[in-house]
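See below for the structure under consideration.
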Amino acid sequence: MSKTNRGRFFEDYQLGEVLHHAVPRTVGEGERALYHALYPARHALYSADSFAQSSGLKASPLDDLIAFHIVFGKTVPDVSLNAVANLGYAQGRWLLPVWPGDTLRAESEVIGLKQNSNGKTGVVWVRTTGLNQHNEKVLEYVRWVMVRKGNLDAAAPETTVPDLPDVLTVEQLRVPEGLDFTHYDFAHAGEPHRWGDYEVGEKIDHVDGVTVEEAEHMIATRLWQNTAKVHFDTSARPDGSRLIYGGHVISMARALSFNGLANAQMIAGLNGGAHANPCLSGDTIRAWTEVLDKAETAAPGVGAIRLRLVATKGGAPFELRDEAGKYRPEVLLDLDYWALMPR
Amino acid sequence: MSKTNRGRFFEDYQLGEVLHHAVPRTVGEGERALYHALYPARHALYSADSFAQSSGLKASPLDDLIAFHIVFGKTVPDVSLNAVANLGYAQGRWLLPVWPGDTLRAESEVIGLKQNSNGKTGVVWVRTTGLNQHNEKVLEYVRWVMVRKGNLDAAAPETTVPDLPDVLTVEQLRVPEGLDFTHYDFAHAGEPHRWGDYEVGEKIDHVDGVTVEEAEHMIATRLWQNTAKVHFDTSARPDGSRLIYGGHVISMARALSFNGLANAQMIAGLNGGAHANPCLSGDTIRAWTEVLDKAETAAPGVGAIRLRLVATKGGAPFELRDEAGKYRPEVLLDLDYWALMPR
Amino acid sequence: MSKTNRGRFFEDYQLGEVLHHAVPRTVGEGERALYHALYPARHALYSADSFAQSSGLKASPLDDLIAFHIVFGKTVPDVSLNAVANLGYAQGRWLLPVWPGDTLRAESEVIGLKQNSNGKTGVVWVRTTGLNQHNEKVLEYVRWVMVRKGNLDAAAPETTVPDLPDVLTVEQLRVPEGLDFTHYDFAHAGEPHRWGDYEVGEKIDHVDGVTVEEAEHMIATRLWQNTAKVHFDTSARPDGSRLIYGGHVISMARALSFNGLANAQMIAGLNGGAHANPCLSGDTIRAWTEVLDKAETAAPGVGAIRLRLVATKGGAPFELRDEAGKYRPEVLLDLDYWALMPR
């Protein structure tokens with residue numbers, strides 16, 4: 001038993017330590033096809049080489065969230081195997097497209113530690129970086145999780161809480177080299193609405209819903225080599241149900257947002273996100289979006305739009321919090337991201 | 001909400017109008033593998049490059065029904081989002097093989113309109129064409145659907161019902177360039193029966209059955225970017241069940257027909273088809289075939305065979321209609337197609 | 001009905017006969033992605049081209065069990081369609097890696113026959129060989145099954161029971177050409193334990209579990225073009241449940257064994273195996289391993305390790321047989337194989 005990974009506990013993390021996550025992964029056409037089979041993904045840039053090429057890219061890259069899930073999955077054995085809760089994301093940036101044939105690996109630096117007052121758990125902040133086979137960074141984000149202590153007698157570390165801005169500035173976003181939306185084909189993309197047609201404060205109900213099944217979310221979560229027991233083993237939780245990987249909800253909501261945001265083609269930044277309530281098999285996932293901000297970019301024809309993407313499992317659209325300010329019980333996800341659109 | 005697609009209603013269609021369907025799609029090895037995972041597909045020409053090459057093709061093309069499903073899926077947002085019923089198919093022709101790496105798009109011309117006497121619905125006929133990245137036609141077919149009126153006060157269009165022959169002649173079929181079955185390997189193909197061994201009127205029980213599950217049909221239907229709510233959202237139908245995409249039944253029945261028709265390698269024409277009854281998760285799909293006609297083609301060693309493929313969810317094989325001439329309740333599909341076989 | 005395959009019965013097999021199994025199959029990136037989606041597979045050599053290249057291979061081969069399942073699936077229509085039980089495996093050897101783009105086919109020679117004393121069934125031994133498009137052997141193994149007689153009056157064949165050693169010697173194992181573990185990256189592989197760290201007799205509980213669902217095992221089994229009715233058709237067994245393909249349990253257990261055996265990278269030999277009890281949807285598969293033997297190989301840095309891999313659906317780890325020597329009811333699989341590890 002000593003040869004198996006029991007996961008790290010709170011006292012096992014050192015500030016400044018770099019975790020080199022295991023098992024690099026080559027991704028390709030198979031992962032792309034599975035992404036389209038698991039989510040109702042239709043953004044044209046990730047669906048057709050021709051569309052990507054007419055937007056100045058060499059081919060259709062893999063969906064931005066494939067990169068995120070692969071990198072996230074690698075961190076699980078080192079970061080969240082003993083996690084009690086996934087508390088938040090910040091400062092997420094997509095730095096380079098991932099192409100079929102690329103091999104991804106991941107590293108995380110411990111940038112914050114804070115033991116909780118109960119002495120049984122603590123919060124760990126990590127800045128995770130995804131790299132390709134050329135050692136180029138393709139993705140980075142900060143994530144913080146609440147982790148159990150393995151040894152309650154272990155001394156508390158010095159508290160260090162990183163200073164994390166709530167929002168990325170548009171200058172921090174990386175627009176893929178060559179991206180050019182000046183000849184954008186709105187008919188092929190599926191909707192006529194350009195960057196200029198969206199107003200800050202506007203809300204969009206994405207209308208469609210998907211009732212999720214056990215086999216699907218397990219197939220998805222395994223595809224990302226995410227090994228957290230609660231997603232697969234019905235004996236891992238007291239209620240005998242599998243907890244659906246929060247990233248599955250992110251991808252489902254993002255794909256559903258095509259209906260109303262078909263031209264929000266690329267995800268460039270992740271400002272923050274909360275998994276407000278657990279998602280279980282049988283839930284019907286719906287989504288709505290609020291436009292939070294808009295900015296121009298230096299790339300030809302490319303605008304940036306900041307969006308709040310909310311996934312729910314029922315209730316009316318546009319309802320987020322109750323009177324006490326808590327997320328309503330039907331809210332699954334509250335995600336704040338920057339997307340790139342044709343201006 | 002104004003930014004989302006509510007779908008077209010009957011009064012939104014104009015005779016002669018061409019609909020350019022959104023979101024081109026690059027298809028490849030991933031879609032091929034998923035097709036083999038979702039259906040018990042074993043026709044050798046689509047399973048092995050070596051077999052396709054010994055039949056005169058450059059490589060194994062993607063299954064003919066992958067092309068059909070991808071093209072069909074693209075039409076859903078513009079043609080059948082408000083459809084009450086999918087009434088029929090005619091004049092379907094596979095014009096070119098689809099190769100891994102091809103990018104498909106679709107267009108539909110409105111070729112018929114007829115408002116129903118109830119004033120609430122109408123029938124729309126479209127001729128849909130699938131094209132590849134070279135703007136070559138790979139597939140065309142006529143489909144007609146019953147669509148709701150959005151505005152009951154909208155004037156009825158002039159009635160135009162297209163003249164659609166019940167059956168394609170063998171001269172209308174397009175045999176892929178280079179196809180040559182003179183050195184056909186029956187052992188590798190799986191059965192010894194050649195074109196000459198089948199008689200018009202012969203019926204074949206394909207014996208095998210597959211009990212379908214929710215996750216499978218959703219994965220399949222999403223893979224074709226088909227967005228019809230009833231396949232995914234259990235709240236979209238009054239009975240709380242998901243309706244299985246009719247094309248899923250077509251692919252399942254065609255794959256099951258390998259057992260007895262392993263050498264009916266390629267689908268060349270779709271004469272007609274009816275989805276006789278809904279298919280739901282838990283149904284066990286079986287299939288039988290009746291040989292309707294046979295014809296020679298100009299290609300070396302290649303014969304054409306016209307087949308009625310019937311899918312059922314129970315009952316005895318070869319039972320199709322009741323005494324009143326209606327489809328029996330266990331019949332799911334009645335499909336009339338031309339296939340290419342070694343002579 | 002005469003055109004469909006009813007399968008072979010015991011009296012249909014002749015000693016020395018070679019069965020050329022139908023439907024060659026080209027395998028590629030799609031099958032690789034699906035393997036990662038269906039099993040929690042993380043062995044680095046099959047996950048990343050970079051890791052395989054730093055181990056002396058040209059790229060990441062397809063998982064050894066993909067080769068096994070594809071070859072096994074081809075034999076089903078000719079060997080086990082009327083099988084009552086899959087009795088055992090022996091002398092399995094992986095002879096060449098399978099690369100994306102390879103086309104596999106299979107042949108089996110009948111090497112043993114023995115009618116049972118009840119006169120209703122008999123045992124058939126076949127030596128199955130998988131070949132690639134260059135007619136090179138990639139895999140071979142012996143399997144024996146109990147098959148029903150179709151005609152109870154058919155004469156019993158002369159009894160021939162092949163002499164099958166229980167274990168392959170290390171000299172019989174084929175190490176892939178070029179394989180070199182001298183620069184092995186243990187951090188990327190996921191665990192620090194090398195060949196020298198394992199002791200004969202050591203037992204490892206792999207800790208993790210996966211509760212299996214119907215859609216998943218059907219998707220997997222179909223992917224290998226395995227057509228045995230009992231895996232797909234709920235009416236094929238008296239209890240209305242689908243029997244999960246034994247190979248699905250093998251792959252699940254092997255993937256779970258990553259946790260504790262991350263460096264047992266390649267499967268080189270299959271000494272034997274028993275499917276001790278049926279696996280059904282809803283079972284939670286767990287695994288444990290016992291180290292049976294160790295040996296050096298001539299390849300640089302490469303050791304061989306003989307492992308007993310046991311899959312269970314409950315119970316305590318390391319429990320295999322009851323007091324009467326029978327497999328305990330929760331044991332699903334008892335597999336004896338040779339793997340290659342960094343020394």
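Sequence lines set the chain letters: A, B, ... in the order given, protein chains first and strands last, and positions in each chain run from 1. The analysis underlying the following values was restricted to heavy atoms, covering all of them including side chains, and did not include hydrogens, waters or symmetry mates.
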Is A:R25 paired with A:E31 through a side-chain N to carboxylate O contact shorter than 4.0 Å?
yes
Do A:S235 and C:R286 have a side chain donor and acceptor closer than 3.5 Å?
yes
Side-chain heavy-atom pair C:L62, C:W99 within 4.5 angstrom cut-off:
no
Evaluate the side-chain proximity of A:D64 to A:M266: yes if any heavy-atom separation is below 4.5 Å, no if none is.
yes
Given a strict heavy-atom distance threshold of 4.5 Å, which part of A:P77 is in contact with chain C: side chain, backbone, both, or neither?
side chain
Neighbours of chain C found in residues 208-224 of chain A - heavy atoms under 4.5 Å
A:E214, A:A215, A:M218, A:I219, A:R222, A:L223
State whether A:D63 and A:R32 are salt-bridged, where the test is any N-O pair (Lys NZ or Arg NE/NH1/NH2 against Asp/Glu carboxylate O) under 4.0 Å.
no
Less than 4.5 Å apart, side chain to side chain, heavy atoms only: is that true for C:Q265 and C:L340?
no
Honestly, the part of C:D185 sitting under 4.5 Å from a heavy atom of chain A is neither
Sort C:T284 into side chain, backbone, both or neither according to what part of it lies under 4.5 angstrom from a heavy atom of chain A.
side chain
Using a strict threshold of under 4.0 Å (side-chain N to carboxylate O), is an ion pair present between A:R8 and A:E17?
yes
Any salt bridge linking C:E319 with C:R328? Criterion: basic side-chain nitrogen under 4.0 Å from a carboxylate oxygen.
yes
Under 3.5 Å, is there a donor-acceptor pair linking the side chains of C:H206 and A:T4?
no
Considering heavy atoms only, which positions within residues 126-142 of chain A lie below 4.5 Å of chain C?
none
Is the shortest heavy-atom distance from the side chain of A:V110 to the side chain of A:Q14 under 4.5 Å?
no
Look only at the side chain of C:D336 and the backbone of C:R308, and say whether a donor-acceptor pair between them is shorter than 3.5 Å.
no
Do the ring planes of C:H69 and C:Y245 sit parallel (below 30°), tilted (30 to 60°) or perpendicular (above 60°)?
perpendicular
Tell me, for C:E29 versus chain A, whether the close heavy atoms (under 4.5 Å) come from the side chain, the backbone, both or neither.
both
Test of ring centre spacing under 6.0 Å for C:Y184 and C:F51:
yes
Of the backbone (N, CA, C, O) and the side chain (C-beta and beyond), which part of A:R242 lies under 4.5 Å from a heavy atom of chain C, both, or neither?
side chain
Determine yes or no for a side-chain-to-main-chain donor-acceptor pair under 3.5 angstrom, with A:E107 supplying the side chain and A:L19 the backbone.
no
Are there residues of residues 35-44 of chain C whose heavy atoms fall under 4.5 Å of chain A's heavy atoms? If so, which?
C:H36, C:A37, C:L38, C:Y39, C:P40, C:A41, C:R42, C:A44
So what's closer than 4.5 Å to chain C heavy atoms on A:T103: side chain, backbone, both or neither?
side chain
One should read off an interatomic distance between A:K74 NZ and A:H21 NE2, to the nearest 0.5 angstrom, of 10.0 Å
Counting heavy-atom pairs under 4.5 Å with chain A, the top scorer among C:G282, C:S47, C:G28 is C:S47
Residue part contacting chain C, namely of A:R6, when any heavy atom lies under 4.5 Å
neither
For C:K58, does its backbone N or O pair with a side-chain atom of C:Q53 as donor and acceptor, under 3.5 Å?
yes
Using modelled atom types only, decide if a donor and an acceptor are shared between the side chain of C:S55 and the backbone of C:F181 within a distance under 3.5 Å.
no
Can you tell me how far CG of A:L57 sits from CG of A:L45, rounded to the nearest 0.5 angstrom?
5.5 Å
Where along residues 249-256 of chain C does a heavy atom come under 4.5 Å of chain A, listed by residue number?
C:M252
Output the option from C:A48, C:P192, C:G30 having the highest count of non-hydrogen pairs under 4.5 Å with chain A.
C:A48
Checking side-chain polar atoms at under 3.5 Å, does C:R194 have a donor or acceptor matched by the opposite partner on C:N263?
no
Would you call the rings of C:H193 and C:Y198 parallel, tilted or perpendicular, taking 30° and 60° as the class edges?
perpendicular
Does a side chain donor of either A:S108 or A:R143 reach within less than 3.5 Å of an acceptor in the other side chain?
no
